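All values below were derived from every heavy atom in this structure, side-chain atoms included, with hydrogens, water molecules and symmetry-related copies excluded. The structure presented is a predicted model; accordingly, all values stated were derived computationally and were not measured. Below, read A as the first sequence line, B as the second, and so on, with proteins coming before strands; counting in each chain starts at 1.
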2 protein chains.
Amino acid sequence: MLSHKAKYALKALLYLAEQDENHISKTIEIADGANIPKKFLEQILLDLKRGRFVSSKQGKFGGYYLIKSKNDITLAEIHRLFDGAIALLPCASLNFYERCLDCKTEEECSLRHGLMIIRDETLKAMQNITIASLIKK
Amino acid sequence: MLSHKAKYALKALLYLAEQDENHISKTIEIADGANIPKKFLEQILLDLKRGRFVSSKQGKFGGYYLIKSKNDITLAEIHRLFDGAIALLPCASLNFYERCLDCKTEEECSLRHGLMIIRDETLKAMQNITIASLIKK
DNA sequence: TATAAAATCTATCAATTTGGTAGGGTTTTG
DNA sequence: CAAAACCCTACCAAATTGATAGATTTTATA
């Protein structure tokens, strides 16, 4: 399941993607528009900034705007930024690999291979869902 | 990600599936064989019993055994039993549906459609991974 | 240059979930 | 009848989650 953070991040990105080009959105605008608690959204926007999905302008008339095309922001990326690995176990993960400590055999646990298949399928599907694809209902 | 409980459940089922037909496995056997804390495993085996994947015989020389074919136990079922919904949000779930409360539009949230696509793909993949498929390495 | 508006930073917090452990019951045999 | 095993209920510490609060910095402009 997605965390609220990841869900809010997607909704915030959707909101930004729907604005006119060159429009800068204040946090409070996004919060109201996408129904997200404002203070919580602040943190999320900072995370999205660190992830280089958005950028911001400080001071009066500042706010946030997309710096990545809505066609290039995928669900997979947002999932990884906020919720981590897409695989079902760390030992089957590409980006968050960790060896399973409870596996007796050296490199392979009995589940790893199957979970890597799942990961590949899920990842492929998640890479196809972009912010742009979510907009056109 | 899978919880430890789901992971241990899969390993326990794998252990049971690898035993000779008609063999009954004591909890302690499974715990040692699959490297699972014994007391924790007890709870998991009870859950698997309630889920009708295994059955048990009490008393001396009792233990656990599969009552469902290893070809018919899928990752999807185990995920649902221990970790719940396969979908990324409740509003996109088949078995654990809940309406999203933070969505303004009545029935549809902006994410729902995309997440239902992911759910279908993931579910399909998870239904293809069975205990039997995990055994043949 | 003062001020208002906005992002940014740091801390805190309550509730829930997770990953167990403890300590017994209860049931079924040898 | 006692041992072996399942079965049940409670508890617990640590981590995570979903926020909230308050102070600080940055910027535009009157």
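Shown here are the side chain to side chain contact (heavy atoms under 4.5 Å, CB included) partners of A/Gln127, two or more places apart in sequence or in another chain: A/Ala76, A/Leu123. A/Leu81 meets the side chain to side chain contact (heavy atoms under 4.5 Å, CB included) test with A/Leu48, A/Phe53; sequence neighbours excluded. The salt bridge (charged side-chain N to carboxylate O under 4.0 Å, His left out) search around B/Lys124 returns B/Glu121, not counting sequence neighbours. Considering only residues two or more places apart in sequence or on other chains, A/Asp102 meets the salt bridge (charged side-chain N to carboxylate O under 4.0 Å, His left out) condition with B/Lys7, B/Lys11. Here A/Asp120 pairs with nothing under the side chain to side chain contact (heavy atoms under 4.5 Å, CB included) rule; sequence neighbours left out. Partners of A/Lys49 under the side chain to side chain donor-acceptor pair (under 3.5 Å) rule, at least two apart in sequence or in another chain, are A/Ser56.
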Distances under 3.5 Å only, N/O to N/O: pair up the protein atoms with those of nucleotides 16-18 of chain D.
unit_1 : atom_1 : unit_2 : atom_2 : d
D/dG18 : OP2    : A/His4 : N      : 3.3

So which protein nitrogen or oxygen atoms get under 3.5 Å of nucleotides 1-11 of chain C's nitrogens or oxygens?
unit_1 : atom_1 : unit_2  : atom_2 : d
C/dA6  : OP1    : A/Lys26 : NZ     : 2.6
C/dA7  : OP1    : A/Thr27 : N      : 2.8
C/dA7  : OP1    : A/Thr27 : OG1    : 2.9
C/dA7  : OP2    : A/Thr27 : OG1    : 3.2
C/dA7  : O3'    : A/Ser56 : OG     : 3.4
C/dT8  : OP1    : A/Lys49 : NZ     : 2.5
C/dT8  : OP1    : A/Ser56 : OG     : 2.5
C/dT8  : OP2    : A/Ser56 : OG     : 3.4
C/dT8  : OP2    : A/Tyr64 : OH     : 2.4

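Summarising the geometry, the separation between CD1 on B/Ile30 and C1' on D/dC6 is reported as 12 Å, rounded to the nearest angstrom. As rounded to whole Å, 10 Å separates atom P of D/dA19 from atom CD1 of A/Ile36. Put simply, CG on B/Asp47 is 14 Å from C1' on C/dG19, counting in whole angstrom units. Nucleotide D/dA15 holds its P atom 16 Å from the CE atom of B/Met1, rounded to whole Å.
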Using distance only, find each side-chain donor-acceptor pair of residues 40-47 of chain B under 3.5 Å and give its atom names and separation, not counting sequence neighbours.
unit_1  : atom_1 : unit_2  : atom_2 : d
B/Asp47 : OD1    : B/Arg50 : NH1    : 3.0

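In this structure, B/Asn128 and A/Ile118 have side chains that are not in contact, with every pair of non-hydrogen atoms separated by 4.5 Å or more.
Applying the side-chain hydrogen bond (donor to acceptor under 3.5 Å, both in side chains) test to residues at least two apart or on different chains, the pairs with a partner in residues 72-88 of chain B are B/Ser3-B/Asp83, B/Lys68-B/Glu77. Legend: side-chain hydrogen bond (donor to acceptor under 3.5 Å, both in side chains) pairs involving residues 23-37 of chain B, not counting sequence neighbours, sorted by first then second residue: B/His23-B/Glu29.
Of the residues in residues 12-23 of chain B, not one comes within less than 4.0 Å of DNA chain D through any heavy atom.
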